[in-house]
Structures are given as C-alpha cells and as structure tokens.
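Okay, so here's the structure we're looking at.
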Amino acid sequence: SLASSECGSDIIINEINVKFKNLIDKAEFFATKKHENQKRQSGDDYINHPRRVSQILADYGFDEEVQSAGWLHDVLEDSETKESDLLELF
C-alpha cells in the first residue's frame with residue numbers, strides 16, 4: 001500500500017490529492033519528490049531529465065497522459081516506489 005512506501009508516500013499522496021487536479025502537475029510533483037536529492041553522473045539534478053522528456057513530449061503534441069509518463073518513466077527504476085503504488089496513483 002502507498003502508506004507503507006518509503007519517502008513518505010502517504011504524505012505525498014495526500015498532498016497530491018489536495019493540491020493537484022491536473023495529471024501532469026501530479027506526475028511532476030510525485031517525480032520531483034521521488035527523485036529528490038538524486039544527481040546524474042554529470043552532477044545535474046536528476047529531475048531535470050524527466051522534466052526534459054516531458055517537455056519534448058509536449059512539444060511533439062502528445063496528450064497529458066504521455067507527458068505524465070515522461071515525468072514518471074524512471075520512478076520505478078530509480079526510487080523505492082512500488083509498481084502497485086504508481087498504478088494506484090496514476
């Protein structure tokens with residue numbers, strides 16, 4: 001369940017549900033929290049990568065579901081997030 005996940009997922013879920021109605025904003029917030037303090041090999045904040053991916057998808061005219069996937073595409077691989085938690089949220 002989301003409440004048992006690391007990184008305070010229960011708190012993140014509550015914040016998402018209260019603050020955001022737009023899917024992209026939810027995905028951005030969640031990805032930012034999950035990639036917090038992560039760095040790329042270059043020293044760049046990791047979140048800049050999913051941000052760029054989502055922007056590229058937007059530039060090509062993809063809908064909000066695909067843009068949100070751009071934000072979330074590395075969350076399972078690079079954080080303690082469980083697939084079931086991601087599916088429950090999105």
Side-chain angles (χ1 to χ4, degrees):
S1 110
L2 290 170
S4 65
S5 297
E6 292 190 23
C7 299
S9 285
D10 53 336
I11 294 168
I12 294 171
I13 300 308
N14 289 336
E15 284 186 74
I16 286 173
N17 289 332
V18 169
K19 290 182 179 179
F20 304 106
K21 302 300 176 211
N22 177 291
L23 185 63
I24 296 170
D25 292 340
K26 288 179 182 184
E28 177 183 0
F29 182 83
F30 190 77
T32 299
K33 289 290 189 182
K34 291 299 184 171
H35 291 298
E36 198 168 48
N37 301 318
Q38 291 180 348
K39 300 283 186 186
R40 292 183 63 97
Q41 211 168 8
S42 66
D44 197 24
D45 288 338
Y46 191 85
I47 195 61
N48 291 331
H49 167 65
R51 178 180 291 119
R52 286 190 294 268
V53 170
S54 184
Q55 185 58 57
I56 290 167
L57 294 169
D59 291 347
Y60 278 98
F62 285 98
D63 66 19
E64 71 173 11
E65 289 182 2
V66 176
Q67 292 175 51
S68 296
W71 276 107
L72 299 169
H73 77 276
D74 281 331
V75 167
L76 292 177
E77 181 179 338
D78 296 331
S79 77
E80 297 298 319
T81 304
K82 297 176 188 171
E83 183 177 0
S84 59
D85 292 348
L86 198 60
L87 291 171
E88 185 177 329
L89 246 180
F90 299 97

**OP:** Give the intermediate values and the outcome of side chain to side chain contact (heavy atoms under 4.5 Å, CB included) for residues H73 and V53.
**Re:** CA-CA 9 Å; H73 77 276; V53 170; 3.7 Å; yes
Would you please test I56 and F62 for side chain to side chain contact (heavy atoms under 4.5 Å, CB included) and show each step?
-> CA-CA 9 Å; I56 290 167; F62 285 98; over 6 Å; no
Applying side chain to side chain contact (heavy atoms under 4.5 Å, CB included) to K82 and E88, what does each step give before you reach the verdict?
CA-CA 10 Å; K82 297 176 188 171; E88 185 177 329; over 6 Å; no
*Stepwise side chain to side chain contact (heavy atoms under 4.5 Å, CB included) test for F30 and F90*: CA-CA 10 Å; F30 190 77; F90 299 97; 4.0 Å; yes
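Between L86 and L76, the shortest heavy-atom contact is CD2-CG, 3.9 Å.
A distance-only check finds a donor-acceptor pair linking the side chain of Q38 to the backbone of D78 [under 3.5 Å]. When atom types are taken as modelled, the side chain of N22 and the backbone of I24 share a donor-acceptor pair closer than 3.5 angstrom.
Look at K39 and D44 and you find no salt bridge, because none of the NZ, NE, NH1 or NH2 atoms lies under 4.0 Å from a carboxylate O.
A heavy-atom distance below 4.5 Å is found between the side chains of P50 and H35.
Atom CG of D45 sits about 10.0 Å away from atom OG1 of T32, to the nearest 0.5 Å. Note: N37 CG to I47 CD1 = 11.5 Å, rounded to the nearest 0.5 Å.
The hydrophobic cluster containing Y46, built from Ile/Leu/Val/Met/Phe/Trp/Tyr side-chain heavy atoms closer than 4.5 Å, comprises no other residue.
The stretch residues 56-70 participates, sequence neighbours left out, in these side chain to side chain donor-acceptor pair (under 3.5 Å) pairs: Q55-D59.
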